[in-house]
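One structure below.
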Amino acid sequence: MESIEQQVARLKRGTQLIVPEDGLRAKLEKSAKTGKPLRVKLGLDPTAPDIHLGFAVVLRKLRQFQDLGHTVVIIIGDYTALIGDPSGRSATRPMLSEAEIKANGATYVDQLSKILDRERTEVRFNSEWLGKLGFADVVQLAAKMTVAQVLAREDFRNRYETNQPISLHELLYPLAQAYDSVAIEADVEMGGQDQTFNILAGRDLQGVVGQDPQIGLFMPLLVGLDGQKKMSKSLGNYVGISEPPLDQYSKLMSLADAQMRDYFLLCTDVPEPEFDALLASVANPMEAKHRLAREIAAIYHGAEAADAAGAEWRRIHSERQVPTEMPDVTVPAEEVAEGQVPLLRLILLANFAASKSEARRLIEQGGVTYDGEKVTDPQARVPVADGAVLKVGKKNYARVRA
RNA sequence: GGGCAGAUGUCCGAGUGGCUAAAGGAGGCGGUCUGUAAAAUCGUCGGCGAAAGCCUACGCAGGUUCGAAUCCUGCUCUGCCCA
């Protein structure tokens, strides 16, 4: 068993902030003394799950707690989702039905278990306790927080100052989350830095009701592949943990050099001195990036698959060869005339363009290669030859199947 | 409850009767360059069409006009001020 000192050091890796600073040690000592595992909380929205490296940063930290014998409590925010956003202008944000939420919850657990240890994971839905609160209970809870406190929170303040609408119920969200901590008697709550306010609210509320307040453990938000914004699915700057190894590898190779250190720190287990030395010593940053891509692909797919992805990547990019594997496109018989098909059609069939206009543009701009030949005539018809390779842009390949 | 302001393409944001598929920026996509990336640079970004052109689009619904993102009416939503 590691000493408390070592445990603290391990758990601190990559963290952005721990509140209070010495709280982690105190909690660990208490747990060691009583033999009672810590309850480490993470709250999630029951929206369609999609776990990417940014989210994995937090999950991996939870896993570290589990490896030290502690319990992770995942809270699916089904109740808050049921309330939904009633004033949502666009009809495109339908409230999730109870069945959908349950289904999403199940998928979540499934995906989470790629990183977490199921044996030490407790999954709870917050309707379990929030659904029992009456209006009077809610009002009493709300009395524990002031408007100024809530508005001091950065995102609300920004929205308020820029005249963005804030609905009243949004102000209640931190309260609901805080109550979750009370309900499950959390010792530690994890979150990204955007969760600061909510997590501290939980601390306060626990104090009010006489519980030992949770400590907040904040992980930095992982910046996405664009090097600008936090990694998220909607921004398209993400690497999913379930993606095939080559996709992960390729995406990571297109990471900005300056971001490599953060990714090593937050997404791999490579010791800090080691990657710092690597980053300092390597003449060509690409070599360090290969290491990074390999480490990460190996976490999710195993060392062998990661090496294969690396070899394939070098083949495609360094040697500019056609990838060994690519999706097939089959041209329906009725589209073939005299053994040929319009190239435009082919691009659409392969799903490399959303419209004919876009496909035409791609051809005119020299982005399309068929069977090794660059084609720039948008009217071109090409032979439907089994095994011919269609290349659109830098990364899109498909093999024609006759 | 009263008054005022606003709603434009992926986002931000110009545009106050024809020259507007709509300036500019961000972002995306393609080309060149390269060590992957970035940067730089050139091009491009509603749909259909070989093209001419046609269709759809400036919150929603009507109206005025030869012609409307631009004017009028009603509605919806948002912000601000007053109560």
Side-chain angles (χ1 to χ4, degrees), chain A residues 85-93 151 156-168 170 223-239 246-264 278-279 281-297 306 309-321 323 337 340 342-345 347-348 350-370 373-381 390-397:
Chain A
D85 184 352
S87 65
R89 276 166 296 175
S90 63
T92 57
R93 205 176 345 169
L151 284 181
F156 281 146
R157 193 180 64 232
N158 285 344
R159 283 165 68 187
Y160 193 68
E161 283 173 357
T162 56
N163 295 345
Q164 299 293 307
I166 302 173
S167 298
L168 199 53
E170 294 185 75
V223 173
L225 296 172
D226 59 359
Q228 303 290 320
K229 301 186 180 136
K230 76 165 184 172
M231 183 174 281
S232 81
K233 191 186 185 185
S234 54
L235 292 172
N237 60 357
Y238 72 102
V239 179
L246 180 60
D247 289 5
Q248 294 183 336
Y249 204 100
S250 303
K251 285 185 175 183
L252 288 164
M253 285 307 290
S254 72
L255 187 71
D257 291 352
Q259 284 179 263
M260 280 195 279
R261 189 174 192 283
D262 278 349
Y263 275 62
F264 268 117
L278 178 72
L279 290 171
S281 69
V282 167
N284 185 343
M286 186 175 67
E287 289 313 315
K289 214 171 286 179
H290 272 297
R291 172 75 192 278
L292 176 67
R294 191 192 165 281
E295 288 287 342
I296 292 176
E312 177 73 354
W313 188 91
R314 286 175 207 266
R315 234 174 74 76
I316 301 169
H317 296 272
S318 301
E319 299 165 30
R320 293 179 182 256
Q321 292 188 36
Q340 295 187 314
L343 184 57
L344 272 180
R345 275 302 300 162
I347 294 171
L348 289 175
N351 252 325
F352 291 156
S355 68
K356 273 196 182 182
S357 301
E358 188 183 337
R360 184 176 299 127
R361 239 176 266 137
L362 287 166
I363 297 174
E364 284 169 351
Q365 295 183 152
V368 178
T369 304
Y370 186 72
E373 303 268 332
K374 182 175 279 193
V375 182
T376 52
D377 174 13
Q379 290 345 307
R381 298 172 61 79
L390 172 71
K391 182 189 180 201
V392 176
K394 279 197 179 78
K395 308 182 190 108
N396 302 314
Y397 289 89

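Labels below follow one simple rule: chain letters A, B, ... track the order of the sequence lines, proteins then strands, and each chain is numbered from 1. Being a predicted model, the structure only gives us computed values, none of them experimental.
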When rounded to whole Å, the CE to C1' distance for the pair M286(A) and U36(B) reads 6 Å

Return yes if the base of G27(B) and the side-chain atoms of N237(A) contain a donor-acceptor N/O pair under 3.5 Å, otherwise no. no

Is the Lys NZ or Arg CZ of K395(A) less than 6.0 Å from the centre of F352(A)'s six-membered ring, within 45° of the axis? no

Taking atom P in both G59(B) and C11(B), compute the distance separating them and give it to the nearest angstrom. 13 Å

Rounded distance (nearest 0.5 Å) linking atom CZ of R360(A) with atom CG of L343(A): 12.0 Å

For W313(A) and for E358(A), find the nucleotide of RNA chain B with the closest heavy atom, then tell me which residue's nucleotide is more 5'. W313(A)

Residues that D257(A) engages under side chain to side chain donor-acceptor pair (under 3.5 Å), provided they are two or more places apart: K289(A)

Going by the angle between their ring planes, with limits at 30° and 60°, are Y249(A) and W313(A) parallel, tilted or perpendicular? tilted

Earlier contact from the 5' end, RNA chain B, for Q379(A) and S355(A): S355(A)

When every non-hydrogen atom of P323(A) is compared with those of I316(A), the smallest separation belongs to CB-CD1, 3.5 Å

With a 4.0 Å cut-off on heavy atoms, is K356(A) in touch with a base, just the backbone sugar-phosphate, or nothing at all? sugar-phosphate

Contiguous pairing runs of three or more, Watson-Crick or G-U under 3.5 Å, that involve RNA chain B: B:1-7 with B:76-82, B:10-12 with B:24-26, B:27-32 with B:40-45, B:46-48 with B:53-55, B:59-63 with B:71-75

Nearest whole Å is fine: how far is A50(B) P from R360(A) CZ? 6 Å

L362(A) has its side chain closest, among G47(B), G30(B), U36(B), to G30(B)

Rounded to whole Å, the CG-P distance (D257(A) to A37(B)) equals 11 Å

Could you work out the separation of G25(B) and G35(B) based on their P atoms and round it to a whole Å? 31 Å

With rounding to whole Å, what would you report as the distance between C19(B) and U70(B) at their P atoms? 14 Å

Considering every strand and a 4.0 Å limit on heavy-atom distances, what is the contact class for P285(A): base, sugar-phosphate, or nothing? base

For G63(B) versus C82(B), give the span between their C1' atoms, rounded off to a whole number of Å. 34 Å

Using whole Å, what does the distance between atom P of nucleotide A37(B) and atom CZ of R314(A) come to? 14 Å

Show your reasoning for whether side-chain contact (heavy atoms from CB on, under 4.5 Å) applies to I363(A) and I347(A). CA-CA 10 Å; I363(A) 297 174; I347(A) 294 171; 3.7 Å; yes

Using atom C1' of each nucleotide, how far apart are A61(B) and G46(B) to the nearest Å? 24 Å

I'd like the P distance from C4(B) over to A14(B), given in whole Å. 23 Å

Has S357(A) got a side-chain N or O lying under 4.0 Å from the OP1 or OP2 atom of C48(B)? yes

Show the distances under 3.5 angstrom between N or O atoms of the protein and N or O atoms of nucleotides 41-43 of chain B.
from   : atom 1 : to      : atom 2 : distance (Å)
G43(B) : N2     : Q365(A) : OE1    : 3.2
G43(B) : N2     : Q365(A) : NE2    : 3.2

Nearest-angstrom distance, C1' atom, C12(B) to C81(B): 27 Å

Side chains of L390(A) and N396(A): does their closest heavy-atom pair fall under 4.5 Å? no

Please state the P separation for the pair A69(B) and G30(B) - nearest whole angstrom. 33 Å

